[in-house]
Enquirer: 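Can you keep this structure in mind? I'll have questions shortly.
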Amino acid sequence: MRYSAEYQSKLCTADEAVKVVKSGDWVDYGTFANQVVELDKALAKRKDELENVNIRSAARAYGPPMTVLADPKKESFIFNSGHFTLIDRRMHDYNLCNFIPILFRECPSYAQYVKADVTMIAVSPMDEHGYFNFGLSNTYTKAVCDISKKVIVEVNPKMPRVPGGNSESIHISEVDMIVEADWTMPAIPNLPITEVDHKIAALVLNELEDGACIQLGIGGMPNALGKLIAQSDLKDLGAHTEMLCDAYLDMWEAGKLTGKRKNIDREKMVFTFALGSQKLYDFVHNNPAVASYPVNYTNYPHIIAQNDKVMSINGVLEVDLFGQVAAESSGPRQISGTGGQVDFVEGAYLSKGGKAFLCLPSTYTNKKGEMFSRIKPTLSPGTIVTTPRPMVMYLVTENGIANMKCKSTWERAEALVELAHPKFQDELIREATKMNIWTKTNKKPTLDQMVS
Ligand SMILES: CC(=O)SCCNC(=O)CCNC(=O)[C@H](O)C(C)(C)COP(=O)(O)OP(=O)(O)OC[C@H]1O[C@@H](n2cnc3c(N)ncnc32)[C@H](O)[C@@H]1OP(=O)(O)O
Ligand SMILES: CCCC(=O)O
């Protein structure tokens, strides 16, 4: 094979490869399933030789990195993440991970602001033309490799080779070192579908039409919706999404996802990362029906909007009576991230016939069994707004669906009280009255009083 001599010359052990890391370096671990395993273990072994090495990543799909476990005092390794999964969140709870606020679509362009000394990325085996495919995560991987002083790939035959629109692979000539590995891709179990998920999904289903182009976020509700769509009469749906999850497989297997009515990437399921079951990973391998693109393609609103009837369906944590949406923190506790939420809310709104749905169960029950309303008079102190109120379109709970566009603050409050759990509605009305956004009961001043 043409590139085998070059491959052999760059091939080394993980221990040899990580010698390139120096104290004070920034090391990029990439996103989701492309985060390296063997190189991380090898780097952890250098704990006593290194200090102040910052690791940058987003959305960890495995357990905590060995570099973090080996150095809980953060003398040698400081772990940073631009988006929290359960794993990043737990590390952050224990002060073992920093959060970097990002707009996911902008990540490839952050290359101009960051120091990137070493990038380590898991890839699929090299093809006959000398390319390593990024497999399950296209995201901003190529952009960070492009600016990195050294690039190390961890080649894994279990990483699917995913056809791409662009930036889905790196050529051996751009790689400094190659390490081989054989770990299993992180499979995310299908989240159980609750009755509330099912009710929310059914409300969203009512809004969908033939030819819609679907973006689904993470969680049990999108999976419920995928299953409902699979059983529905809907036809010729398309997929242009940030995350490809198992719900798309359900829709595909039911013959719903033809992509025939898409205006761009016709007949292709477009995404920037895949996260789900091994069945999903087998599905994307060498499959001409899918195309991975970098996140600055999948997530830019003006690109999203080139397809008609874009239906964006994402999860949120809390909403206040003013319609501000919190999807990433509860008080100051970072739970998730902005991710691509605002990208798709805006992209769907701009799409002809498009709709953006932000969905939440009306209540949250904490570990002590106490139940709270997720619709709050005001967001709790410290809670971060993810989608600002003028951008918000449809809000959905198990109790109903409401379009916030063009609604005044009092109309929003009324609609949100309707979406709340009945147990909390009276209290919300009392608070709305105090805040002067409940015109049903508020005594409005007379004109004389107003001008005096
Ligand atoms: C991957 C994609 O989604 S692509 C689409 C665009 N991206 C986004 O929309 C990003 C923002 N959205 C998200 O990250 C998610 O949709 C979320 C976090 C809002 C919901 O995701 P889910 O998986 O349904 O969240 P889940 O119910 O598991 O809760 C996550 C955590 O938040 C906690 N939590 C949830 N609701 C609340 C609340 N109202 N108050 C306090 N904590 C809460 C849970 O206890 C859990 O914490 P724990 O794991 O430490 O126990
Ligand atoms: C890394 C971003 C994932 C998300 O949008 O939720």
Side-chain angles (χ1 to χ4, degrees), residues 30-35 57-61 81-94 99-107 137-141 188-194 196-197 200 214-224 240-245 247 271-276 295 298-299 304 312-320 325-348 356-368 370-376 379-380 382-387 397 421:
T31 53
F32 296 97
N34 290 59
Q35 293 194 30
S57 72
R60 194 144 174 98
S81 170
H83 192 90
F84 283 6
T85 58
L86 172 65
I87 298 152
D88 306 89
R89 174 157 80 241
R90 286 281 177 276
M91 288 195 283
H92 188 252
D93 287 343
Y94 288 98
F99 180 66
I100 310 175
I102 54 164
L103 268 185
F104 200 22
R105 67 167 181 255
E106 290 182 348
C107 284
S137 277
N138 188 322
T139 65
Y140 53 84
T141 315
I188 306 301
N190 262 327
L191 292 170
I193 297 170
T194 63
V196 166
D197 289 335
I200 295 173
I214 313 276
Q215 178 263 327
L216 294 175
I218 199 158
M221 196 284 292
N223 279 328
H240 181 113
T241 184
E242 173 185 313
M243 176 175 79
L244 196 78
C245 58
F271 62 95
T272 196
F273 69 90
L275 202 58
V295 67
T298 55
N299 283 34
I304 295 168
S312 155
I313 299 122
N314 289 303
V316 308
L317 299 169
E318 286 181 6
V319 184
D320 72 12
V325 167
E328 62 190 273
S329 90
S330 171
R333 182 183 181 225
Q334 191 72 37
I335 286 180
S336 165
T338 309
Q341 183 161 118
V342 290
D343 308 343
F344 277 92
V345 166
E346 186 66 0
F357 303 94
L358 293 173
C359 307
L360 69 168
S362 67
T363 60
Y364 169 68
T365 303
N366 69 12
K367 292 194 173 89
K368 293 185 207 152
E370 298 159 323
M371 188 167 96
F372 300 93
S373 178
R374 289 179 187 255
I375 296 176
K376 302 203 156 172
L379 296 176
S380 322
T383 297
I384 306 295
V385 172
T386 303
T387 305
T397 72
H421 190 285

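Numbering of ligands and ligand atoms starts at 1, following listing order.
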Enquirer: Atoms of ligand 1 less than 4.0 Å from G340 heavy atoms?
Expert: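 Answer for ligand 1: 6 (C), 7 (N).
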Enquirer: What are the atoms of ligand 1, with element, lying closer than 4.0 Å to any heavy atom of G315?
Expert: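 It comes down to these atoms of ligand 1: 12 (N), 16 (O), 19 (C).
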Enquirer: How far apart are the closest heavy atoms of L317 and E328, and which atoms are they?
Expert: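 So the two residues come closest at CD1-N, 3.8 Å.
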Enquirer: Do D93 and R333 make a side-chain contact, defined as non-hydrogen atoms from C-beta onward lying under 4.5 Å apart?
Expert: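 Contact flag for D93/R333 side chains = yes.
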Enquirer: Taking all heavy atoms of E318 and all of S380, pick out the closest pair and write down the distance.
Expert: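 Reported closest heavy-atom pair: OE1-OG, 3.9 Å.
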Enquirer: Give the atoms of ligand 1, by number and element, whose distance to some non-hydrogen atom of G337 is under 4.0 Å.
Expert: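 Answer, ordered by atom number: 10 (C), 11 (C).
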Enquirer: What do we get for K367 next to ligand 1 when only non-hydrogen atoms under 4.0 Å count, side chain, backbone, both or neither?
Expert: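 For K367, only side-chain atoms sit under 4.0 Å from ligand 1.
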Enquirer: Pairs under 3.5 angstrom, nitrogen or oxygen on both sides, ligand 2 versus protein: list them out, please.
Expert:
from     : atom 1 : to   : atom 2 : distance (Å)
ligand 2 : 5 (O)  : E242 : OE1    : 3.3
ligand 2 : 5 (O)  : E242 : OE2    : 2.4
ligand 2 : 5 (O)  : G340 : N      : 2.8
ligand 2 : 6 (O)  : H83  : NE2    : 3.1

Enquirer: Do T363 side-chain atoms and M371 backbone N/O form a donor-acceptor pair below 3.5 Å?
Expert: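 No, T363 side chain to M371 backbone: no donor-acceptor pair under 3.5 Å.
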Enquirer: Taking C-beta and beyond as the side chain, do Q215 and N314 meet within less than 4.5 Å on heavy atoms?
Expert: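 Yes. Closest side-chain heavy atoms under 4.5 Å.
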Enquirer: Can we call the ring centroids of H92 and F84 under 6.0 Å apart?
Expert: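 Close enough - the centres of the two rings lie under 6.0 Å apart.
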Enquirer: Looking only at heavy atoms, what is the nearest atom pair of D343 and I304, with distance?
Expert: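 Reported closest heavy-atom pair: O-CD1, 3.5 Å.
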Enquirer: Only heavy atoms of M243, strictly under 4.0 Å: list the atoms of ligand 1 that pass.
Expert: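 Within the 4.0 Å cut-off of M243, ligand 1 contributes 1 (C).
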Enquirer: Under the side-chain contact (heavy atoms from CB on, under 4.5 Å) rule, what do R105 and F344 come out as? Steps first, then yes or no, please.
Expert: CA-CA 10 Å; R105 67 167 181 255; F344 277 92; over 6 Å; no
Enquirer: So if I count the atoms of ligand 1 from 1 in the order they appear, which ones are less than 4.0 Å from some heavy atom of S336?
Expert: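 The list of qualifying atoms is 11 (C), 13 (C), 14 (O), 18 (C).
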Enquirer: Counting only heavy atoms closer than 4.0 Å, does ligand 1 sit against the backbone of E328, its side chain, both, or neither?
Expert: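 Answer for E328: neither.
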Enquirer: Can you find a non-hydrogen atom of R90 under 4.0 Å from ligand 1?
Expert: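 Right, R90 reaches ligand 1.
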Enquirer: Do me a favour and list the nearest non-hydrogen protein atom to atom 22 (P) of ligand 1 with residue, atom name and distance?
Expert: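 Nearest neighbour among protein heavy atoms for atom 22 (P) of ligand 1, to 0.1 Å: G219 CA, 4.7 Å.
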Enquirer: So which bit of N314 gets within less than 4.0 Å of ligand 1, heavy atoms only: side chain, backbone, both or neither?
Expert: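 Within the 4.0 Å criterion, N314 contacts ligand 1 through side-chain atoms alone.
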Enquirer: For atom 32 (O) of ligand 1, is some protein heavy-atom partner under 4.0 Å away?
Expert: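 Yes, there is a protein heavy atom closer to it than 4.0 Å.
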Enquirer: Mark yes or no for whether D88, through its side chain, and T85, through its backbone, hold a donor-acceptor pair below 3.5 Å.
Expert: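 Yes; at least one donor-acceptor contact below 3.5 Å.
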Enquirer: Quick check on contacts: which atoms of ligand 1 are under 4.0 angstrom from a heavy atom of Q215?
Expert: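 That gives atoms 5 (C) of ligand 1.
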Enquirer: With a 4.0 Å cut-off, strictly under, does atom 29 (O) of ligand 1 pick up any protein heavy atom?
Expert: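 Answer no: nothing from the protein, no heavy atom, is under 4.0 Å.
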Enquirer: Right, does atom 49 (O) of ligand 1 have protein non-hydrogen atoms nearer than 4.0 Å?
Expert: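 Flag for atom 49 (O) of ligand 1 set to true, protein heavy atom closer than 4.0 Å.
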Enquirer: Can you figure out which of Q334, H83, R374, R89 has its heavy atom closest to atom 47 (O) of ligand 1?
Expert: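 Shortest heavy-atom distance from atom 47 (O) of ligand 1: R89.
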Enquirer: Measuring from the heavy atoms of E242, does anything fall under 4.0 Å of ligand 1?
Expert: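 Flag set, E242 near ligand 1.
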Enquirer: Determine whether T387 and V316 satisfy the following criterion, side-chain contact (heavy atoms from CB on, under 4.5 Å), listing intermediate values before the conclusion.
Expert: CA-CA 9 Å; T387 305; V316 308; 6.0 Å; no
Enquirer: For a quick check under 3.5 Å, do E242 and T298 share a side-chain donor-acceptor pair by atom type?
Expert: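 There is no such pair between these side chains.
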Enquirer: Check T386 against A326 and note the closest heavy-atom contact, atom names and distance.
Expert: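 Result for this residue pair: OG1-C, 4.0 Å.
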Enquirer: Which pair of heavy atoms, one from S330 and one from T383, lies closest together, and at what distance?
Expert: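 Where S330 meets T383 most closely, the heavy atoms are C-OG1, 3.9 Å.
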Enquirer: Starting from atom 9 (O) of ligand 1, find the nearest protein heavy-atom neighbour and note its residue, name and distance.
Expert: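 Result for atom 9 (O) of ligand 1: Q341 NE2, 2.8 Å.
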Enquirer: Considering heavy atoms of the protein only, find what lies nearest to atom 15 (C) of ligand 1 and give residue, atom and distance to 0.1 Å.
Expert: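 Answer for atom 15 (C) of ligand 1: I218 CG2, 3.7 Å.
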Enquirer: Report the nearest protein non-hydrogen atom to atom 35 (C) of ligand 1: residue, atom name, distance rounded to 0.1 Å.
Expert: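 Minimum-distance protein heavy atom for atom 35 (C) of ligand 1 reads L317 CD2, 3.4 Å.
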Enquirer: Among all protein heavy atoms, pick out the one at the shortest distance from atom 40 (N) of ligand 1; state its residue, atom name and that distance to 0.1 Å.
Expert: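 Here the nearest protein heavy atom works out to S330 OG, 3.5 Å.
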Enquirer: Under 4.0 Å and counting heavy atoms only, is there anything from the protein next to atom 42 (N) of ligand 1?
Expert: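 Given the 4.0 Å limit, the answer for atom 42 (N) of ligand 1 is yes, a protein heavy atom qualifies.
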Enquirer: Please assess R374 against T397 for the test side-chain contact (heavy atoms from CB on, under 4.5 Å), listing each intermediate value before the final yes or no.
Expert: CA-CA 10 Å; R374 289 179 187 255; T397 72; over 6 Å; no
Enquirer: Starting from atom 34 (N) of ligand 1, find the nearest protein heavy-atom neighbour and note its residue, name and distance.
Expert: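 Residue, atom and distance for the closest contact: Y364 CE1, 3.6 Å.
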Enquirer: Taking T139 as the fixed residue, which of T31, T272, N299 is the one that meets the side-chain hydrogen bond (donor to acceptor under 3.5 Å, both in side chains) rule?
Expert: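 The passing option is T31.
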Enquirer: Using a strict cut-off of 4.0 Å, indicate which atoms of ligand 1 neighbour a heavy atom of L86.
Expert: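 So the atoms of ligand 1 that pass are 49 (O).
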Enquirer: For F32, which of F273, Y140, F271 qualifies under ring pair (Phe, Tyr, Trp, His ring centres under 6.0 Å)?
Expert: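 Only match with F32 under ring pair (Phe, Tyr, Trp, His ring centres under 6.0 Å): F273.
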Enquirer: Suppose I only count heavy atoms of V316 and a 4.0 Å limit; which atoms of ligand 1 are within that range?
Expert: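 Selected atoms, number and element: 19 (C).
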Enquirer: Considering non-hydrogen atoms only, spot the tightest contact between A327 and S336 and give its length.
Expert: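 Minimum heavy-atom contact is O-CB, 3.9 Å.
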Enquirer: Working note: I214 + T241, criterion side-chain contact (heavy atoms from CB on, under 4.5 Å); need CA distance, chi angles, decisive distance, verdict.
Expert: CA-CA 7 Å; I214 313 276; T241 184; over 6 Å; no
